[in-house]
Chemist: 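Structure incoming, see below.
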There are 4 protein chains.
Amino acid sequence: MVARSEESRQAIIGATLTLIGLGEDKPGTTVQRLTIEAIAKRAGVSKATIYRWWPSKVAVVIDAFVSDYLQHTPIDPALPADDALAAHVRSVVRQYGSDEGMIVAQIIAEGQYAPDVLRQFHERFWDDRARVVRELLQRGVDEGLFREDLNLDIAASFIYAPIYQRLLLGGGPLDDAFADDLLSFALPPLRKPIAR
Amino acid sequence: MVARSEESRQAIIGATLTLIGLGEDKPGTTVQRLTIEAIAKRAGVSKATIYRWWPSKVAVVIDAFVSDYLQHTPIDPALPADDALAAHVRSVVRQYGSDEGMIVAQIIAEGQYAPDVLRQFHERFWDDRARVVRELLQRGVDEGLFREDLNLDIAASFIYAPIYQRLLLGGGPLDDAFADDLLSFALPPLRKPIAR
Amino acid sequence: MVARSEESRQAIIGATLTLIGLGEDKPGTTVQRLTIEAIAKRAGVSKATIYRWWPSKVAVVIDAFVSDYLQHTPIDPALPADDALAAHVRSVVRQYGSDEGMIVAQIIAEGQYAPDVLRQFHERFWDDRARVVRELLQRGVDEGLFREDLNLDIAASFIYAPIYQRLLLGGGPLDDAFADDLLSFALPPLRKPIAR
Amino acid sequence: MVARSEESRQAIIGATLTLIGLGEDKPGTTVQRLTIEAIAKRAGVSKATIYRWWPSKVAVVIDAFVSDYLQHTPIDPALPADDALAAHVRSVVRQYGSDEGMIVAQIIAEGQYAPDVLRQFHERFWDDRARVVRELLQRGVDEGLFREDLNLDIAASFIYAPIYQRLLLGGGPLDDAFADDLLSFALPPLRKPIAR
DNA sequence: CGATAAACGAGACGGTACGTCTGGTCTTGTG
DNA sequence: CACAAGACCAGACGTACCGTCTCGTTTATCG
């Protein structure tokens, strides 16, 4: 018995990142045009080795992206919940406005054809972030900033919705101005109504 | 000079709809797996004829979908603006919950790799609907139902955002319950604050 | 009824000659790569017009070649038959060593696939020349230079054979040296044996 | 590394022979109409496999013809040189009068457009036969049958010339009568002049 | 410590589709 | 009504990848 070669794994992931334009050098294809053959060639690895360990090229892309590239957009526990949420949203928007956004968009695109890709996307991207935001919203409720009847799931999900919409459908840049528009639309209904 | 053959056009569009699962018979592939070769074969048409009139398979799909299939989700002018909006949202959600939604999702997916697909999507799907909703929102403002400082563009866009999110990212069914959640989240911030 | 357009005919023949590299300008394709479409385009003529008057592209080539290009290699009646034959052979060899030879070779090549092309070749190239040579051989017999039991048909044909062999199979240049080799091999057996 | 599949090679060569009409079954196209796609289909082989190992369809044809089909027309060392030559010529003429001749003619035809085809023809058909005939002529000289000043190259080449002429230009059948005509024309000049 | 079994590179293989090209036919409108 | 313009069907072209497979070759354990 021989253990899986960590060297090969790294080579494959590195080649993949380079090929989709996230590495040092800059070939820069799309996920659609990325081929297993190209990864194998650039990684100096046999096609069979890739097929042995990943079920599809998208799986390699997700693996590469998550394990070696993804930067987290943490939430500042020192800020009040509404400000922390605003900061988080701006950070996410900025992240999705860069090359990373394009890859995420392409992964979601591939997910339209492969349910397990979408599942992977949820497990490795979405769930963590949604949970963090849910907790933040709960904190806001606890702090008396947000209304008590808030449906955390729906709220957390809908705050992100316009970001993904713009990422996937376009219609304008993912920049700070957009983040501000988003916040000015989505924050008010979260707030506790002013006592009257 | 010889005019374009309407017969061929119909055959191509019909074959395309059938192949992606929207026709009478039910082959039912995805847009990704759909091939020009298959369309040509089923339409009894030469590949060259397709390439002559459409730049890509996605262009054929959009054309087929819009011109022969798309059902409009009209807005009832007799209802008050808020009720009309609610009815419209429920209608759109229901539409996207069906086979049509899958095709829209796949078109958007292809759009991640071809900017002009996304542009086509905007021109032939989005713009009309966004305009209609904008007008509806304006009517709501005029009727005194919605707040006067409403940014119509942003509002119209963000109302749709959760629908596309669920369509593309999953996370639950596109059904009436979802429509209600969406409305209960998105409608309140539109309303004119009750005079205090 | 409108008469056949001589203007079109000339344009088609001119375009064809140019395309196979015998015209003023020098595109220079082979007969194989020559297409009716290209002829039509360059002649400013519809494809249908060509198909109406010629059965195939090779027919156009033969027509163009024979009617507007072919140079005759006449036989000098002032010379003794053996010298006249030698001059004629040198002239033919020189002609076949040029661009014309390549076209003849290509016409013969096409003739392997179309019997009527070969027939045309005989009728419009070969028969005249063979007859002329036969007459020359007869003259040689009459003049007492050539043996009386000469089979004129066979002799005429076999004198040309090495020329076509070299034209079609290669093996060396079609130049004066070759003509001399040919003559020194083929002339002696024609001659009347020296009385012994 | 995996070795080349002899099975595939055989299938391709067999399919090719059948398609050009030399196999058991009898489709019988010409080399011109023969397509790589048809070979691949009939051989149950991928097009890529053919392209991997042969540069063109004519290369496949030559390979198939030479390696699996070509019959040698040996020279009988027991006969005197002139009789052996006559036997050889009759044998070659008979061979070229059959289906094999048609294929050879078509290969030469293709050679007009591809120099390397002609080169292959020389290397794999011509050179051997020419050498054998040269040796035979030499033997004839040694035996005192043929003249001592014979240019072996030219003589060997010119003996074949009328055969190729009739093969390629037609003008009559390649039968024994033709072989006899050829011999009665080409043999005498080879012979040593009778001492006078 | 030598056998053995997995992991690996290399790449051949049967397939499928690509987008381009040509052939030959047919249609329409113009001079 | 001959013609140009060119749309059309048919299908081959050569290329690129797919995913599977068989090769040796190379380790790393285990008997």
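Per chain, numbering begins at 1; letters A, B, ... match sequence-line order. Scope of the values below: all heavy atoms of this structure, side chains included, with no hydrogens, waters or symmetry mates.
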Chemist: Which pairs with one or both residues in residues 5-22 of chain D pass salt bridge (charged side-chain N to carboxylate O under 4.0 Å, His left out), sequence neighbours excluded?
Modeler: Glu6(D)-Arg9(D), Arg9(D)-Asp63(D)
Chemist: Measuring only between side-chain heavy atoms, which start at C-beta, is Ile12(B) closer than 4.5 Å to Trp54(B)?
Modeler: yes
Chemist: Do the non-hydrogen side-chain atoms of Ile107(B) and Val61(B) ever get within less than 4.5 Å of each other?
Modeler: yes
Chemist: Under 4.0 Å between a side-chain N/O of Ser5(A) and OP1 or OP2 of dT26(F), yes or no?
Modeler: no
Chemist: Should Trp53(A) be listed as having a side-chain N or O under 4.0 Å from OP1 or OP2 of dC8(E)?
Modeler: yes
Chemist: If you look at every strand shown and take non-hydrogen atoms under 4.0 Å, does Ala38(D) touch a base, only sugar-phosphate, or nothing?
Modeler: nothing
Chemist: Rounded to the nearest angstrom, tell me the gap between atom CG in Leu19(A) and atom P in dA16(F).
Modeler: 16 Å
Chemist: Looking only at the side chains, is there a donor atom on one of Glu110(D) and Gln32(D) sitting less than 3.5 Å from an acceptor on the other?
Modeler: no
Chemist: Is any side-chain N or O of Lys47(A) under 3.5 Å from a base N or O of dG19(F), one able to act as donor and the other as acceptor?
Modeler: yes
Chemist: Is Ala40(D) touching bases, backbone alone, or none of the nucleic acid, heavy atoms closer than 4.0 Å?
Modeler: nothing
Chemist: Between P on dC8(E) and CD on Gln10(A), what's the gap in Å once rounded to a whole number?
Modeler: 14 Å
Chemist: What is the distance, to the nearest angstrom, from the CD1 atom on Ile50(D) to the C1' atom on dG15(E)?
Modeler: 13 Å
Chemist: Distance check needed: dA10(E) P versus Tyr51(A) OH, whole Å only.
Modeler: 17 Å
Chemist: Using whole Å, report how far NZ of Lys57(B) lies from P of dT16(E).
Modeler: 16 Å
Chemist: Please report the distance, rounded to the nearest Å, between CD in Glu7(D) and P in dT22(F).
Modeler: 12 Å
Chemist: CG of Leu34(A) to CD1 of Ile20(A): how many Å apart, nearest 0.5 Å?
Modeler: 7.0 Å
Chemist: Could you give the CD1-to-C1' distance, from Ile39(D) to dG14(E), as a whole number of Å?
Modeler: 16 Å
Chemist: Whole angstrom is fine here: how far is it from CD in Glu37(C) over to C1' in dG6(F)?
Modeler: 9 Å
Chemist: Please check the phosphate of dC3(F) (OP1 and OP2 only) for any side-chain N or O of Arg52(C) closer than 4.0 Å.
Modeler: yes
Chemist: DNA chain F: Thr49(B) or Ile36(D), which has the more 5' nearest nucleotide?
Modeler: Thr49(B)
Chemist: Using a cut-off of less than 4.0 Å, is there contact between a side-chain N or O of Ser8(D) and OP1 or OP2 of dG14(E)?
Modeler: yes
Chemist: Please determine whether any donor N or O and acceptor N or O are separated by less than 3.5 Å between the side chain of Ser46(C) and the base of dA5(F).
Modeler: yes
Chemist: On DNA chain F, does the nearest nucleotide to Val45(B) precede the nearest nucleotide to Ala48(A) from the 5' side, or the other way round? Give the residue.
Modeler: Val45(B)
